[in-house]
Trainee: 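Just passing along the structure, written as structure tokens.
Keep in mind that the numbers below use all heavy atoms, side chains included, and drop hydrogens, waters and symmetry copies.
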Amino acid sequence: MERANDSTFSGFILLGFSNRPQLETALSVLILIIYFLSFLGNGTIILLSLVDSHLHTPMYFFLSNLSFMDLCLTTCTVPQTVANFKGKDKRITYGGCVTQLFVALGLGGVECVLLSVMAYDRYAAVCRPLHYMLIMHPQLCSQLVATAWLTGFGNSVVQTALTMTLPLCGKNQVDHFFCEVPAMLKLACTNTSINEAELFAVSVLFLVVPLSLILVSYGHITHAVLKIKSAQGRRKAFGTCGSHSMVVTVFFGTLISMYLQPPSSYSQDVNKSMALFYTLVTPLLNPLIYTLRNNEVKGALRRLVRRTPDSRQS
């Protein structure tokens, strides 16, 4: 935001749920619990993917990147949110707001692309099993992950610059618990229709296009699986894709409801609740879904536990 109009500008005030202080107190405790569980779950997936040779495959390479991205997303928003909910001082510096906006936007874009890459990986595993390791060779996997990160943060540079250079005219109260584009656009004292149109176009690019590619991949997977004569083979093939499809449903369903609906169709409190779900609950669901439904991850966890000194002594 342009600060020339206010020489004493010291940052923004994140209103959060300040009209409901009791709710903020309860939420701050709940958020810390969920953050701890999310950190533990995603950290475990990253650790297992690194130390267990059975998980040195493209699928778990992508999954560990997804877990690392989720850790970064929650760490970007949770500390500031808890501090604001627990205290009366709800300020965030201008630099802190820019950083938060940039990181959250970038990570959201990374996850959109990464989930479509993971769907392609599952397509190659199920539909081209004999050529899977040739198709998903380590160099390609690294290139796909690099593309996801570069695309996500490349878009974030543009979005952050377009948003934070709008004239502010002294407004600094953000009706949200963290800095996000729609809430920041409401502070601008100029016509933001171009920014809103551009945001909608980018949302379509990062939500509708990857989701369409994912649906196409799963269409091919379903067609291939139905040709398998063995019921056990069908269950195994669907099992490798079931976890990913659940993550896709939760993630894209939340973001589409946030960014591809007219602002007048839901209240700001609903929007903030959806954002809280996206930044906090979704990163927790990812490790739960992948570990509870994945025998390979559970097996790797058991092998890790057996290798600990305490386990050997007992």
Trainee: Extract all donor-acceptor atom pairs below 3.5 Å that involve side chains of residues 134-141 and protein atoms in other chains or at least two apart in sequence.
Mentor:
| residue | atom | partner | partner atom | Å |
| --- | --- | --- | --- | --- |
| His137 | ND1 | Gln139 | N | 3.4 |
| His137 | ND1 | Leu140 | N | 3.1 |

Trainee: Once side chain to side chain donor-acceptor pair (under 3.5 Å) is applied, what residue pairs with a partner in residues 194-208 remain, sequence neighbours excluded?
Mentor: Gln159-Glu198, Thr192-Glu196
Trainee: Can you list the residues that meet the ring-ring contact (aromatic ring centres under 6.0 Å, His included) rule with Phe102, with sequence neighbours excluded?
Mentor: Phe153
Trainee: Under the side chain to side chain donor-acceptor pair (under 3.5 Å) rule, collect the residues that match up with Thr190, sequence neighbours excluded.
Mentor: none
Trainee: Could you identify which residues cluster with Ile194, counting Ile, Leu, Val, Met, Phe, Trp and Tyr as linked when any side-chain heavy atoms lie under 4.5 Å apart, either directly or through a chain of such contacts?
Mentor: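 Under the 4.5 Å side-chain rule, Ile194 groups with nothing.
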Trainee: Between Trp149 and Phe68, how do the two ring planes meet: parallel, tilted or perpendicular, split at 30° and 60°?
Mentor: tilted
Trainee: Which donor-acceptor pairs under 3.5 Å do the side chains of residues 114-121 make with protein atoms, sequence neighbours left out?
Mentor:
| residue | atom | partner | partner atom | Å |
| --- | --- | --- | --- | --- |
| Ser116 | OG | Val113 | O | 2.6 |
| Asp121 | OD1 | Tyr132 | OH | 2.5 |

Trainee: Taking transitive links into account, so neighbours of neighbours count too, which hydrophobic residues share a cluster with Val158 at under 4.5 Å side-chain distance?
Mentor: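 Answer for Val158: Leu162.
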Trainee: Would a 4.5 Å heavy-atom cut-off, applied to side chains only, mark Leu71 and Ser67 as touching?
Mentor: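 Of all side-chain heavy-atom pairs linking Ser67 with Leu71, none is under 4.5 Å.
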Trainee: Could you tell me whether the side chain of His54 reaches within less than 4.5 Å of the side chain of Tyr60, counting heavy atoms only?
Mentor: no
Trainee: Determine which pairs satisfy salt bridge (charged side-chain N to carboxylate O under 4.0 Å, His left out) with at least one residue from residues 22-33, sequence neighbours left out, and list them in order.
Mentor: Glu24-Lys90
Trainee: Name all pairs fulfilling the salt bridge (charged side-chain N to carboxylate O under 4.0 Å, His left out) condition that reach into residues 43-66, sequence neighbours left out, sorted by first residue then second.
Mentor: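 Residue pairs passing salt bridge (charged side-chain N to carboxylate O under 4.0 Å, His left out), neighbours aside: Asp52-Arg303.
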Trainee: Can you name the disulfide bond (SG atoms under 2.5 Å apart) partners of Cys112, sequence neighbours left out?
Mentor: none
Trainee: Please list all pairs meeting salt bridge (charged side-chain N to carboxylate O under 4.0 Å, His left out) that have one or both residues in residues 201-225, counting only residues at least two apart or in different chains.
Mentor: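 Every candidate salt bridge (charged side-chain N to carboxylate O under 4.0 Å, His left out) pair involving residues 201-225 fails, so no pair, neighbours aside, qualifies.
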Trainee: Mind jotting down which residue pairs meet the ring-ring contact (aromatic ring centres under 6.0 Å, His included) criterion with at least one end in residues 157-190? Sequence neighbours excluded, please.
Mentor: His176-Phe178
